[in-house]
Amino acid sequence: MSYISNTADQSQAMLAACGLSTMEDLFQDIPKRLKPRSFNLPEAMSELEVHSRLKRMAGRNAADLTCFIGGGYYEHFIPAAVDAATMRSEFYTAYTPYQPEISQGTLQAIYEYQSQICRLTGMEVSNASLYDGGTALYEACQMALNTTGREQIIVDGGVNPIYCKILESYMANHAEVKLTKIPAAPGQAQRDRIKAVLCDETAVLVLQNPNFFGTVDDHSDLVEECHKRGVLVIQLVYPIAMALLKTPGEMGVDIAIGEGQSLGIPLSFGGPYLGFLATTKNLVRKMPGRLVGRTVDRNDKECFVLTLQAREQHIRRDKAISNICTNQALCALRAHVYMSLMGREGLRELAGICHARAEFAKARFKQIPGVQVAESAPTFNEFTLRLPKKADAVVGELVGRGIVPGLPLGRFYSEMENCLLVAVTEMRTKAEICKLAENLESVL
Amino acid sequence: MKIIFDKSVQGRRGVTLPQLEPGVEAQLKIDGRYLRAQPAELPELSELDVMRHFTALSNRNFGVDSGFYPLGSCTMKYNPKICEKVAALDGFAGLHPFLPQLPQGGELTQGALEVIYELEALLCEISGMAACTLQPLAGAHGELCGMSLIAAYHRDRGNTEKKEILIPDEAHGTNPASAVGVGFATKPVPTDPVTGRLDIEALRGMINDRTAGIMLTNPNTLGIFNSEIDQVVELAHSHDALVYYDGANLNAVLGAFRPGDAGIDVMHINLHKTFATPHGCGGPGSGPVCVRENLVEYLPVSRVVKKQDNTFALDYEQPKSIGYTAPFYGSFLVYLKAYVYILSLGRQGLIEASQHAVLNANYLMNMLKSDYDLPYDRRCMHEFVLSASRQAKQGVHAMDIAKALIDRGFHPPTVYFPLIVKEAIMIEPTETESKETLDTFIQAMKEIAAVANSDPQSLNAAPVNTRISRPDEVQAARGMDFNYCPQD
Amino acid sequence: MTPNDRKYTKTHEWIMVDGDTATVGISDHAQEALGDITFVDPAAVGKELKQGEECAVIESVKAASEIYAPIDGKVAEINPEIDSTPELVNHDPYAQGWILKLSNINQSQLDALLDAAAYDALTGK
C-alpha cells in the first residue's frame, strides 16, 4: 500500500524541472561508501492483509479478563463521545498550535483543559500536559530543585514505585542530588520518619494521595512543616479521587501532579498516557511544558495563544527549564472531553460508585479466613490485602480462571510477598466481586 | 466562541452511570476531614452540548486532512486511516500493562510483545543499528534517554572528565536542552557558510578529552546532507567521544543512508514524523532509541526477548541498564501505528517515500528560488530554507508571508528557524503531496512575493480570512490568564 | 539622546555610579531590539557577581536575553516596580526602567567601559 499521490509521469516532469533525469540523481550528495549495507525489509502488504494480520495479533492478547489491577493505572469506562470528539481529524492530524489564527480549536481546548485540571486539583495554573505521571514527577522535582537551589529530595514510602524508578533513572545523572526514600508500608504517611530526615537542605517532599497502597490522607500538617523550612511539597493525586478528596490546593501543596490515564484514556498496554502538572501562580515561570494563555487579537476579539515560551527549549536552548516539546495534547483533549461529559455531578457519582464497590469488596474479603486488610486508615477505591500465602501464587492460579485478583506487591517490595493490591472501579460489578471472593476462598 | 464553562447549565448531565446493586452501601466510609469542601466546578452539559462544542472547536483548526502543511522539520505527511483502525482494536487498546509482569502473565500478551519485538527489529534494519528500545515517549524524551546512555557509558569507564557535548549551531533547541538535562555542558559548533554543513575544521579545533559526545542531525536543519558524517564519527571516536544522531530528518534517507553504517553510536527516531503516526495537535509522539553494540547493555528496562520456544517475554535482568525511562513499554498505541505503516509500505514503499519527499522538496525549491533568497543554493534533501530578506526590505517579514499563506488556504512553513538564517522560511512538503498541490502553493508564494513589492502593507495585515486576526502575544504574556475564572 | 552621566558596555547594559553603589539597566538600543518586554528576572539580592556574569534575564514574547554585570559587585536592591510592570524598561530605560543596584563595586573597572559617544558609535547612531 502506498500513499504517494504523484504518477510516474508527474514525477518525471518534476525531475526534469529540477534538471535531473532519475530519482537516484536526487541522492548524489550521499557518497557510495555511505550507501546502505543492507535494507532487508518485508514486501508491501495491502490494507486488507495488514488488518487481518494485526487482528490476529490482537487476538493473542487477553484484554477481556475480569481485572482488579490498579497500581496507578485503572480500567474505567470511556463514553463513546470521547472517541467521536477526539477522532476528528482537524484535531489529530494537526501539529502543535504555532499558528494561532488556524489553531484556535486546539488552543481553546488546551486552555479549557488547564482550567479543568485547576478546578479538579484546587491549584492556580496547569500546564498543557507532560508525557505521564512518572516523568511528571521527574519534571516536578527538577522544578523544585531549580526553585529552591537545594539538592535533597525526600520521597515518601507511599509514592508509586514505578514513578520512583523513573525518578531514580534520571537523577543518576545528577550526582549532586540526594534522593532520600522513606521505607514503604501500607497506611498513611509516616510523619516521624519524614520529620527525621527533613532539614534546611531539603528542596522538596514528595507525597501521594491516595497513596500507592490506596490509603487516603490529609497532608496539611506536613505541608505546614515543610513551608516553615522553605521546603516545597509535591503531591501525586488520582484524578478520579479528586472528585471527593481534599485537594492539593486545599492542603497548600506547591506542585500537584498525576497520571491522567483514568480520564478517558484507554490502558493501551502502557501508553500513550497523560502527565498533568499544576502549581501556584508564583511558580509559573519555573513550570515545564507548554502553556496557553487567553488574550485578544488586533480587533479586540477574545482568542488564545501559546505563551511564556521564553522558558522553552526552542528559545532558551541549553538554558531551558525542560527539553519537552511534543507532549500529550491529544490525550489531554481526551481528558478534557471526558471531564466535560462527566461534569460536576457525574464525576462525584462515579467516584462514589468506585468507593462504594471497593468498600463492599473490602468487607467481603475480610470474611475470608486468613485474609486481612493491611491497614485501618480510610481508602478510596484500592486497598492492600495480606494473604496467608504468596500473592504471586494466588494470582497465578486465578488468571487461569479468567480473573486477575490484583497486583502482587512482592514484585516491588520483597517484604510484601503476601500482599495483594486490589483496585475496584465502576467496571467491576458486585457479582464479579463475589466471584473473586469465592475463588479466593477456594485457593487459600 | 463561548468557553465551555459558560455553557454549563445546572443539573444537566452528559453520562448515565450504573446503579449500585442492593447490598452495596452508597455511604462514604471516609471521614469528612479528608474530603474536599466544595465539588470541582466541572461544566454540566449534555452529550450533544459536548459534541457541538468540540465540533465547533475542530472547525477552528487545520490538520493534514484539511490541506497542505509544509511545516519544516515536522514531516506533516498523510496519516493512513488503517493505523487508527488497528490501534482501536480492543486486544491492543484495552490491554492492561501490568499483565505481562504477573506470574505466567507473558502468555496473556503474546500479540503485544510480538509487536514490540518485531518493530524493534524493523527499526534496527532501517537504521543499521544493533538494538532498539521503544520506551521513549517522544523525540525529546528519546534524546534524554540517548544522552543518559552516553553518560552511563562514560561513567562505566571512569571517564569522569567527559562533561561536554558539541552541537552544531543549526540544531534543534531540544539538543542542547537534552544534553543539559543529563548534566552535560554544551558548546555550539559553527556551520560552514559556503557548504551549509558542519565546519569539520572548527570541530577538530574544539574536540578534546572533555568531549563526551557530539549530537548531529543529517540531513541537517538546512536540509543538506553531510557526506563527511563518517569522518565526524571517526574524529569523535578517536577521542572516545560518542556520536548521537537526531533522527528528526530520517524521512529524507530511508533506504538511501543508514546511520549505523556511518558508525553512529546512538540515535532516536520520531515515529510521528517519518513513520506517519499523527501529531495529535502536539502529541503523543514516540521516540524510539537505537544503539550500536557498545551501548546495548545500558538500554532501559524492560527489554522484550524471544525465547527458544518462539514465545516472547520481558527481561529486567540488565545490571548496567539506565533503568526505567517510561512507566511500561513506551507509547504502545503510537508505535503500533508505525508498525502498521511499515508493514503497509514494505521495503520498496519506504524507499519511494524518501525519494518522493526529496523530489517534492527539490521541485519546490527550484520553482521558488527566483522569487525568494536561497542562502544555500544547492540540491536539498527533504526540506529547504528560503530567506525573506529581500521582502524584508519592503517591510514584509517571514511572519507576514506565513500569515499571507494562511489567507490562501495553506498551513505556513516553519519560520525563523533555523536561527542561523535571517528571515528563515523552512519548507518540507513531504512525499504524500501531489504536483497539483505543490503547483498551487508555488503560485501562492509567487503572488505573495509580487504583492510584497506592490502593496507590502496589505501583507502586514494578514491573515484577514480567518476567525481571528493576529493575537496580542504581549498581553498574553503579561496578563497571565491560564485558568478561566468567570469573575475576571 | 544617550545620557552622558553613565557608562555603557558592548553588551548594551548601562551603569551609573553614585557613591558606593551603582545602578544597572539596559540601553534604549537594547530595549528596542528586544521589543515588548514581558518579564525581568534579576539575580537575588545578596548575590556576588563578577564582571560579565549574568545579573538578570529579560524576556520578550519570542526571546530571552541575559543581562551581564558591567563590573564586579553585590546585588543590593532590585527595582521593586519591575516585576509587575516590566514595560518600564521599554518606556523609560534610563530612569524608571532601571533593573538593579550593586554595592561593593569595583570602580577601577569603570574606565574600560564605553562613554555615551563611544556607545553611540558602536550602535551606529
Side-chain angles (χ1 to χ4, degrees), chain A residues 1 5 10 14 23 26 29 36 41 43-44 54 57-58 60-63 85 88-90 92-96 101-102 104-106 115 118 131 165 169 173 266 268-272 293-295 297-298 303 305 307 313-314 317-318 320 323 326-330 341 343-344 360 378 396 430, chain B residues 14 21 24 30 42 44 54 57-58 60-65 86 89 91 93-95 97 103 108 110-111 137-138 140 173 176-178 182-183 225 258 278-285 323-324 328-329 331-333 344 346-347 355 358 363 434-435 466 468-469 471 475-476 481-484:
Chain A
M1 181 69 200
S5 307
Q10 284 181 312
M14 288 163 69
M23 285 288 196
L26 292 163
D29 281 348
L41 298 166
E43 291 310 317
L54 269 295
M57 289 171 90
R60 294 207 300 279
N61 297 320
R88 292 188 65 85
S89 73
E90 296 87 344
Y92 85 81
T93 71
Y95 196 70
T96 302
E101 298 87 350
I102 45 171
Q104 285 299 298
T106 302
S115 305
C118 289
Y131 304 130
K165 282 177 197 273
S169 298
N173 295 314
S268 321
F269 203 52
R294 185 161 65 130
T295 182
D297 74 356
R298 286 175 170 183
C303 65
V305 69
T307 190
Q313 48 76 28
H314 60 285
R317 300 178 76 84
D318 57 322
N323 77 335
T326 288
N327 50 37
Q328 306 294 103
L330 201 68
L341 287 164
R344 173 189 147 117
F360 173 80
K430 180 185 172 188
Chain B
E21 301 89 337
V24 180
I30 304 172
L42 306 186
E44 297 180 85
F54 286 96
L57 287 180
S58 75
R60 286 161 170 74
N61 250 22
F62 189 101
V64 174
D65 287 358
V86 168
L89 290 171
L95 199 58
L108 305 172
Q110 283 299 301
L137 303 169
S178 302
V182 175
F225 188 83
R258 302 192 311 165
H279 283 78
C281 49
Y324 279 55
F328 296 99
Y329 328 105
S331 286
F332 180 81
L333 284 197
S344 299
R347 178 181 184 277
Q355 287 177 341
V358 175
Y363 178 68
S434 67
K435 181 170 181 294
T466 44
I468 62 155
S469 58
Q475 184 183 319
D481 177 355
F482 314 126
N483 173 13
Y484 186 59

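Convention: sequence-line order gives letters A, B, ...; per-chain numbering from 1.
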Most contacts with chain B, counted as non-hydrogen pairs under 4.5 angstrom, among [options]:
| options | value |
| --- | --- |
| Gly343(A), Ala320(A), Ser5(A), Pro272(A) | Pro272(A) |
| Met14(A), Gln10(A), Gln104(A) | Met14(A) |
| Ser115(A), Pro378(A), Gly293(A) | Ser115(A) |
| Thr96(A), Val305(A), Thr295(A) | Thr295(A) |
| Ala58(A), Ala94(A), Ala63(A) | Ala94(A) |
| Leu54(A), Thr106(A), Ile102(A) | Ile102(A) |

Note to self: Could you tell me if the side chain of Glu101(A) sits less than 4.5 Å from the side chain of Pro471(B), heavy atoms only?
What the structure shows: yes

Output yes when a side-chain donor or acceptor of [X] lies under 3.5 Å from a complementary backbone atom of [Y], and no otherwise.
| X | Y | answer |
| --- | --- | --- |
| Asn61(A) | Gly91(B) | yes |
| Ser58(B) | Arg88(A) | no |
| Ser169(A) | Tyr324(B) | yes |
| Gln313(A) | Ala177(B) | no |
| Ser268(A) | Leu333(B) | no |

Answer with side chain, backbone, both or neither: which region of [X] has an atom nearer than 4.5 Å to a non-hydrogen atom of chain B?
| X | result |
| --- | --- |
| Arg298(A) | both |
| Ala85(A) | both |
| Tyr92(A) | both |
| Thr307(A) | side chain |

May I ask you to name which of [options] has the most heavy-atom pairs under 4.5 Å with chain A?
| options | result |
| --- | --- |
| Ala476(B), Ser344(B), Ser178(B), Pro278(B) | Ser344(B) |
| His279(B), Arg258(B), Glu44(B), Gln475(B) | Arg258(B) |
| Gly94(B), Gly346(B), Gly173(B) | Gly173(B) |
| Gly323(B), Ser434(B), Gly183(B), Gly14(B) | Ser434(B) |
| Ile30(B), Leu42(B), Val86(B), Val24(B) | Leu42(B) |

Notebook entry, point to check: What part of Val182(B) gets closer than 4.5 Å to chain A, counting heavy atoms only: side chain, backbone, both or neither?
Noted result: both

Checklist line | Distance, nearest 0.5 Å, that separates CZ of Arg60(B) from SG of Cys303(A) | finding: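 Rounded to the nearest 0.5 Å, the CZ-SG separation comes out at 12.0 Å.
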
Checklist line | Gap between atom CG of Asp481(B) and atom CZ of Arg294(A) - 0.5 Å precision | finding: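 Interatomic distance, Arg294(A) CZ to Asp481(B) CG, rounded to 0.5 Å: 4.5 Å.
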
Give the minimum heavy-atom separation between [X] and [Y], together with the two atoms involved.
| X | Y | answer |
| --- | --- | --- |
| Gly105(A) | Asn61(B) | N-OD1, 3.2 Å |
| Phe225(B) | Asp29(A) | CD2-O, 3.6 Å |
| Thr326(A) | Pro284(B) | CG2-C, 4.4 Å |
| Leu330(A) | Cys281(B) | CD1-SG, 4.4 Å |
| Tyr131(A) | Ala138(B) | CE2-CB, 3.5 Å |
| Gly285(B) | Gln328(A) | N-OE1, 4.4 Å |

